[in-house]
Amino acid sequence: VQLQASGGGLVQAGGSLRLSCAASGRTFSSYAMGWFRQAPGKEREFVAAIGWSGSYTRYADSVKGRSTVSGDNVKNAVYLQMNSLNSEDTAVYYCAAGRITGARRDPEYAYWGQGTLVTVSS
């Protein structure tokens, strides 16, 4: 599976962004997907996850209530809609694919995209 994240950019605090992750290669619909982020000087952290069927979602407390993860098996893509962005959301965002639905740890994902940078200005 090859993954490519996109949609990052510069946004003002309080604004919104929709990140996309395009997948190619093996049967995409059989994988659980996750979003992670890594802020400058910090370790990569879990953001959100979605099951292969799209019916299961999971969020980190830091984004819960203002983010929505969704998927489109026809387009082989997953999305992360983020609202009410603040400076703490500034990070490189990565999408990942694995076999464990709702996984929160890096080793539980076998495939990773290259990341897309989100910068929130105050």
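For clarity, every value in this text was computed on a predicted model and none was experimentally measured.
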On a heavy-atom basis, which atom in G102 and which in R58 lie closest, and how many Å separate them? O-NH1, 2.7 Å
Gap between atom CG of L85 and atom OG of S121 - 0.5 Å precision: 10.0 Å
Quick check: do L3 and M33 have side-chain heavy atoms less than 4.5 Å from each other? yes
Roughly how far, to the nearest 0.5 Å, is the CZ atom of R66 from the OG atom of S84? 7.0 Å
When you measure from the side chain of T90 to the backbone of V120, do you find a donor-acceptor pair of N or O atoms at a distance under 3.5 Å? yes
Walk me through whether V63 and W35 qualify under side chain to side chain contact (heavy atoms under 4.5 Å, CB included). CA-CA 11 Å; V63 303; W35 284 97; over 6 Å; no
With sequence neighbours left out, write down each residue that passes side chain to side chain donor-acceptor pair (under 3.5 Å) with S122, or none if nothing qualifies. none
I'd like to check the salt bridge (Lys or Arg N to Asp or Glu O under 4.0 Å) partners of R104; sequence neighbours left out, ordered by chain and number. none
Other members of the hydrophobic cluster containing Y56, with the 4.5 Å side-chain heavy-atom rule, please. none
T57: what forms a side chain to side chain donor-acceptor pair (under 3.5 Å) with it, not counting sequence neighbours? none
Report the hydrophobic cluster partners of F46, with the cluster defined as I, L, V, M, F, W, Y residues connected by side-chain heavy atoms closer than 4.5 angstrom, directly or transitively. F36, V92, Y94, Y109, W112, L117
With sequence neighbours left out, which residue pairs that include part of residues 47-90 fulfil the disulfide bond (SG atoms under 2.5 Å apart) condition? none
Disulfide bond (SG atoms under 2.5 Å apart): which pairs involve residues 81-122, sequence neighbours left out? C21-C95
Suppose we screen for ring pair (Phe, Tyr, Trp, His ring centres under 6.0 Å). Which residues come up paired with Y79, at least two apart in sequence or across chains? none
If you measure from CG on L80 to OG on S67, what distance do you get to the nearest 0.5 Å? 5.5 Å
List the atom of A32, the atom of T101, and the distance in Å for their closest heavy-atom pair. CB-CA, 3.7 Å
Ignoring hydrogens and geometry, is there a side-chain-to-backbone donor-acceptor pair from R99 to A110 under 3.5 Å? no
Going by atom type alone, with no hydrogens or angles, which donor-acceptor pairs under 3.5 Å involve a side-chain atom of residues 4-20 and a protein atom two or more places apart or on another chain?
residue, atom, partner, partner atom, Å
S16, OG, N83, OD1, 2.9

Taking only residues at least two apart or on different chains, which pairs with a member in residues 36-47 satisfy side-chain hydrogen bond (donor to acceptor under 3.5 Å, both in side chains)? R37-E45, R37-S62, R37-D89, R37-Y93, R44-D106
Check: K75 main-chain N/O paired with D72 side-chain donor or acceptor under 3.5 Å: yes
Under a side-chain separation threshold of 4.5 Å, the hydrophobic residues clustered together with V74 are none
Given V47 and Y59, is the side chain to side chain contact (heavy atoms under 4.5 Å, CB included) satisfied, shown in steps? CA-CA 6 Å; V47 176; Y59 298 92; over 6 Å; no
Heavy atoms only: give me the nearest Y31-V1 pair and the separation to one decimal. CE1-CG2, 3.6 Å
